[in-house]
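These numbers come from a predicted model, not from an experiment.
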Amino acid sequence: MLTVAEHPLAAHWLAELRDVRTPPERFRVATRRLATVLVIEATKDLATRTGTVTSPLAEATARRLDATVVAVPILRAGLGLLDAVTDLLPNVQVGYAGLERDEQTLQPSSYYLKVPELSGRSVLLLDPMLATGGSASFACRLLAERGASDIRLVCVVAAPEGVERLNNDHPTVRVVTGALDEKLNAVGYIVPGLGDFGDRLFGTE
């Protein structure tokens with residue numbers, strides 16, 4: 001259930017994000033552009049309906065989306081991926097998941113969750129870094145408890161440990177990422193990764 005985007009544009013914008021010299025304003029541009037490629041990949045099998053349109057020359061067969069999509073960014077870093085979703089899917093519904101990690105137990109908890117109806121809808125869970133997989137797995141559980149059965153995690157980079165955790169906990173969840181990186185380091189950062197995504201996105205390093 002893992003898809004690594006192979007498009008040259010994905011590689012180009014990921015290189016911008018990895019580069020330690022990329023300033024926040026450029027980082028935000030690269031995030032939006034890479035997210036566009038990832039969202040296209042994550043939605044390529046959405047249901048469509050067939051109809052017709054009239055072009056300036058003749059009637060033509062046409063296909064339009066026939067799926068309701070809900071985007072759920074995990075605050076705060078997931079917000080960086082949201083613009084690409086709303087650009088591509090103007091009728092998308094948007095929810096939000098606020099998660100934090102207990103510094104003692106290291107377990108995630110939810111401090112905010114606001115989502116529309118999820119049953120029968122495709123859910124794009126937006127979380128740029130799939131590291132240990134703990135937060136993503138917890139978020140998937142929260143969404144499943146609210147009726148989601150088609151969850152697609154869109155992330156910029158993923159670690160093998162996170163992919164394995166998500167596959168074990170939620171084997172039907174699809175992961176679409178810009179890269180499958182080498183490993184996690186001793187403090188849980190993805191290597192080579194790109195540092196703290198939220199800090200780099202919002203200039204709070």
Side-chain angles (χ1 to χ4, degrees), residues 1-42 71-85 96-103 105-109 124-140 151-170 173-205:
M1 301 299 285
L2 174 68
T3 300
V4 178
E6 300 290 347
H7 199 288
L9 286 173
H12 175 85
W13 292 113
L14 178 59
E16 288 280 307
L17 294 175
R18 289 199 196 274
D19 193 334
V20 69
R21 299 168 299 176
T22 301
E25 62 273 18
R26 184 64 176 172
F27 194 90
R28 289 190 283 270
V29 170
T31 295
R32 186 167 182 158
R33 292 179 179 173
L34 174 57
T36 298
V37 179
L38 297 177
V39 171
I40 289 173
E41 182 66 38
V72 182
I74 296 180
L75 302 176
R76 69 180 166 148
L79 293 173
L81 307 180
L82 182 59
D83 283 345
V85 179
Y96 296 93
L99 306 183
E100 59 188 359
R101 189 170 66 170
D102 185 289
E103 294 304 322
T105 67
L106 302 182
Q107 296 303 308
S109 63
L124 297 178
L125 180 61
L126 310 178
D127 190 12
M129 310 295 283
L130 179 59
T132 66
S135 293
S137 178
F138 183 69
C140 287
I151 302 174
R152 303 148 189 242
L153 174 65
V154 178
C155 58
V156 172
V157 294
E161 296 90 334
V163 172
E164 182 179 9
R165 168 74 181 272
L166 205 59
N167 186 57
N168 289 336
D169 293 353
H170 305 280
V173 170
R174 294 174 50 194
V175 178
V176 177
T177 184
L180 180 64
D181 276 6
E182 180 184 345
K183 62 181 180 180
L184 297 178
N185 67 12
V187 292
Y189 273 77
I190 301 173
V191 179
L194 45 84
D196 187 300
F197 191 95
D199 282 346
R200 297 191 65 194
L201 183 72
F202 294 112
T204 53
E205 289 185 279

Closest non-hydrogen atom pair, V173 against M1: O-CB, 3.4 Å
W13 vs L38 side-chain heavy atoms within contact, under 4.5 Å: no
Rounded distance (nearest 0.5 Å) linking atom CZ of R200 with atom OG1 of T22: 5.5 Å
Please table the atom pairs, donor to acceptor, closer than 3.5 Å between any side-chain atom in residues 151-159 and protein atoms at least two apart or in another chain.
{"unit_1": "R152", "atom_1": "NE", "unit_2": "D150", "atom_2": "OD1", "d": "3.1"}
{"unit_1": "R152", "atom_1": "NE", "unit_2": "D150", "atom_2": "OD2", "d": "3.3"}
{"unit_1": "R152", "atom_1": "NH1", "unit_2": "A42", "atom_2": "O", "d": "2.7"}
{"unit_1": "R152", "atom_1": "NH1", "unit_2": "D45", "atom_2": "OD1", "d": "2.7"}
{"unit_1": "R152", "atom_1": "NH2", "unit_2": "D45", "atom_2": "OD1", "d": "3.3"}
{"unit_1": "R152", "atom_1": "NH2", "unit_2": "D150", "atom_2": "OD2", "d": "3.1"}

Steps toward side chain to side chain contact (heavy atoms under 4.5 Å, CB included) verdict (E161, T132): CA-CA 6 Å; E161 296 90 334; T132 66; 6.0 Å; no
Residues in side-chain hydrogen bond (donor to acceptor under 3.5 Å, both in side chains) contact with S137, at least two apart in sequence or another chain: D169, H170
Side-chain atoms of residues 183-191: list all donor-acceptor pairs with protein atoms under 3.5 Å, sequence neighbours left out, distances to 0.1 Å.
{"unit_1": "N185", "atom_1": "OD1", "unit_2": "V187", "atom_2": "N", "d": "3.0"}
{"unit_1": "N185", "atom_1": "OD1", "unit_2": "G188", "atom_2": "N", "d": "3.1"}
{"unit_1": "N185", "atom_1": "OD1", "unit_2": "Y189", "atom_2": "N", "d": "2.8"}

Distance in Å, L79 CG paired with I74 CD1, rounded so as to fall on 0.5 Å steps: 11.0 Å
Residue pair A30 / L17: nearest heavy atoms and the distance that separates them: CB-CD2, 3.6 Å
Side-chain touch L124/V72, heavy atoms, less than 4.5 angstrom: no
Any pair counted as salt bridge (charged side-chain N to carboxylate O under 4.0 Å, His left out), so long as it reaches residues 3-24, sequence neighbours left out: E16-R26, R18-D181, D19-R21
Rounded distance [0.5 Å steps], CD in E100 versus OG in S135: 10.5 Å
Distance-only polar pair, side chains of R76 and T204, donor-acceptor under 3.5 Å: yes
Nearest heavy atoms of A71 and L126, plus distance in Å: CB-CD1, 4.4 Å
Minimum-distance pair of heavy atoms, taken over all atoms of L180 and P160: CD1-N, 3.9 Å
All side-chain contact (heavy atoms from CB on, under 4.5 Å) counterparts of T3, not counting sequence neighbours: E41, V176
Any Y96 side-chain heavy atom under 4.5 Å of P73 side chain: yes
Any side-chain heavy-atom pair of L75 and L99 under 4.5 Å: no
Minimal non-hydrogen separation, C140 against L166, with atom names: SG-CD1, 4.1 Å
Step-by-step side chain to side chain contact (heavy atoms under 4.5 Å, CB included) determination, R33 to L9: CA-CA 8 Å; R33 292 179 179 173; L9 286 173; over 6 Å; no
Partners meeting side-chain contact (heavy atoms from CB on, under 4.5 Å) with E164 (sequence neighbours left out): N168
Contact summary for F138 and P108, nearest pair of heavy atoms: CB-CG, 3.6 Å
Student check: side-chain heavy atoms of L201 and P24 closer than 4.5 Å: no
Rounded distance [0.5 Å steps], NE2 in H7 versus NE2 in H12: 12.5 Å
